[in-house]
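Shown next, in structure tokens, is the structure this report addresses.
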Amino acid sequence: MEIVHTVKDLQSKLSALKAQGKSVGLVPTMGALHAGHASLVKRSVAENDVTVVSVFVNPTQFNDKTDLEKYPRTPDADCRLLEECGVTFAFIPSVAEMYPEPDTRSFSFPPLDTVMEGKYRPGHFNGVCQVVSKLFAIVEPHRAYFGEKDFQQLAIVRRMVSQLGFPLQVVGCPIVRESDGLALSSRNARLSSAQRKQAVQISQTLFASRDYAATHTVDETVRFVEERIAAAPGLRLEYFELVDGDTLQPITGWGDTGYAVGCITVFCGEVRLIDNIKYTGAADKG
């Protein structure tokens, strides 16, 4: 594996490989890598001749400067994991390299980016689209890999690729969970041991709600989740919404869509955790 720090160097190396007919996969990350990231990376390695993994904590997608400062950074461990996974290039640029001048581009994909995370983190998805579009332009991959844990982000990236005509395939990869069900996240590293035990209530509530939904309406299922999280020590719900998995718009009845997804954001102490669960194939129950 080679570690590359500049756009010019990466493009030079990729150009030579593409001239040989090599396919290229890209996995954009913000580092602090874990088994969830590894699952994306391994899939890219399996499906492409060359895999590029970017490790870059993107400042433009943080609407909270404290959150940016506290975001975990583990570059040495990240590189060890990437080498073990068989990555070709680890692209680790500086902020100045990615943003030699301020990025003033504005991305808007309503209604996908106006709900849930878009509502509670204004400017977040604009920053995501800025950096992801830059990476697509730099790498020009054949495929790009994103985790389904960031469900809304995946939907928005797909819409951006479609509208802007990037010639690549966006590949969504399933959520990877700990043995007790907690969704893997770089932010989990910020949880104390006590908070870690509390946080598992998020996924356990989602799993329970899927069973509950079999005999209850959408509104009842939403209340079930809200009440369970409210009763869980150390947790504070920011939102839980049952939405159409394609449009991300709230549903009022199971018959509204054949692709119902529950998206949740919960604070465990100061750490903001997201998760989601699919209720796909549920019969019309309200």
Side-chain angles (χ1 to χ4, degrees), residues 28-30 34-37 39-40 43 61 109 111-121 124-125 128 132 145-159 170-188 191 198-214 216-230 232 235-254 256-268 271-282:
T29 83
M30 293 207 299
H34 50 65
H37 295 107
S39 70
L40 276 66
R43 183 161 176 185
Q61 69 190 69
F109 301 103
L112 296 180
D113 58 356
T114 59
V115 295
M116 296 189 293
E117 294 296 284
K119 175 181 176 181
Y120 288 93
R121 300 181 68 188
H124 169 67
F125 286 123
V128 168
V132 170
Y145 298 79
F146 295 84
E148 291 182 351
K149 183 176 74 69
D150 295 290
F151 190 81
Q152 188 172 9
Q153 172 180 279
L154 176 58
I156 289 169
V157 168
R158 282 183 166 140
R159 180 67 58 84
V170 176
V171 182
C173 301
I175 297 172
V176 178
R177 299 182 180 277
E178 299 277 10
S179 58
D180 62 3
L182 180 68
L184 289 180
S185 169
S186 299
R187 296 175 188 272
N188 292 353
L191 298 171
Q198 295 167 341
V200 74
Q201 288 294 325
I202 302 169
S203 57
Q204 289 180 352
T205 296
L206 292 181
F207 298 151
S209 77
R210 188 165 53 190
D211 295 333
Y212 182 89
H216 293 82
T217 67
V218 166
D219 286 346
E220 289 169 339
T221 303
V222 170
R223 283 198 300 274
F224 173 85
V225 171
E226 292 173 344
E227 289 170 2
R228 280 273 296 248
I229 295 297
L235 301 184
R236 177 171 61 85
L237 180 70
E238 185 165 69
Y239 67 81
F240 173 70
E241 294 196 22
L242 261 163
V243 302
D244 179 286
D246 293 316
T247 67
L248 305 185
Q249 298 307 291
I251 61 173
T252 57
W254 298 113
D256 292 351
T257 177
Y259 185 22
V261 179
C263 297
I264 194 167
T265 294
V266 177
F267 281 93
C268 185
V271 184
R272 189 175 186 272
L273 302 173
I274 66 173
D275 202 347
N276 64 78
I277 193 166
K278 297 175 184 176
Y279 303 81
T280 306

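The distance from the CG atom of Asp113 to the NE2 atom of His124 is 11.0 Å, given to the nearest 0.5 Å. The OH atom of Tyr279 sits 6.5 Å away from atom OG1 of Thr221, with the distance rounded to the nearest 0.5 Å. Taken to the nearest 0.5 Å, the OG atom of Ser209 stands 12.0 Å off from the NE2 atom of His216. The NZ atom of Lys149 sits 13.5 Å away from atom SG of Cys173, with the distance rounded to the nearest 0.5 Å. Note that CD of Gln201 and CD1 of Ile229 are 7.0 Å apart. Values are rounded to the nearest 0.5 Å. How far CZ of Arg228 is from CG of Leu237: 13.0 Å, rounded to the nearest 0.5 Å.
Between Lys278 and Arg210, the closest heavy-atom pair is O-CD, 3.4 Å. The two residues Val243 and Cys263 make their nearest non-hydrogen contact at CG2-SG, 4.3 Å. In terms of heavy-atom proximity, Ile264 sits nearest to Phe240 at CB-CD1, 3.8 Å. Nearest heavy-atom pair across Thr217 and Trp254 is C-NE1, 3.6 Å. In plain terms, the two heavy atoms of Gln152 and Gly118 that are nearest each other are NE2-N, 3.9 Å. Taking both residues in full, the closest heavy atoms of Ala199 and Leu191 are given as CB-CD1, 4.0 Å, listed atom of the first, atom of the second, then distance.
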*asked:* Set out, in order, the CA-CA distance, both residues' side-chain angles and the distance that settles side chain to side chain contact (heavy atoms under 4.5 Å, CB included) for Phe125 and Leu112, then state yes or no.
replied: CA-CA 10 Å; Phe125 286 123; Leu112 296 180; over 6 Å; no
_side chain to side chain contact (heavy atoms under 4.5 Å, CB included) assessment of Asp275 paired with Arg177_ = CA-CA 10 Å; Asp275 202 347; Arg177 299 182 180 277; 2.9 Å; yes
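Of the N and O atoms on the side chains of Tyr239 and Thr265, at least one donor lies less than 3.5 Å from an acceptor on the other residue.
Put simply, the side chain of Met30 does not reach to within 4.5 Å of the side chain of Ser186, judged on heavy atoms. The closest side-chain heavy-atom distance from Asp256 to Asp244 is not below 4.5 Å.
Tested against Val261 for a side chain to side chain contact (heavy atoms under 4.5 Å, CB included), the candidates Asn276, Leu242, Leu248, Ile251 yield a single pass: Asn276.
Between His37 and His34, the ring-plane angle classifies as tilted under the 30° and 60° cut-offs.
Residues Asp246 and Arg158 are not paired through a salt bridge, judged by the lack of any N-O separation under 4.0 Å between the basic side chain and the carboxylate. With respect to the salt-bridge test (charged N to carboxylate O, under 4.0 angstrom), the residues Lys119 and Glu238 do not qualify.
In this structure, the side-chain contact (heavy atoms from CB on, under 4.5 Å) partners of Asp150, at least two apart in sequence or on a different chain, are Gln153, Ile274.
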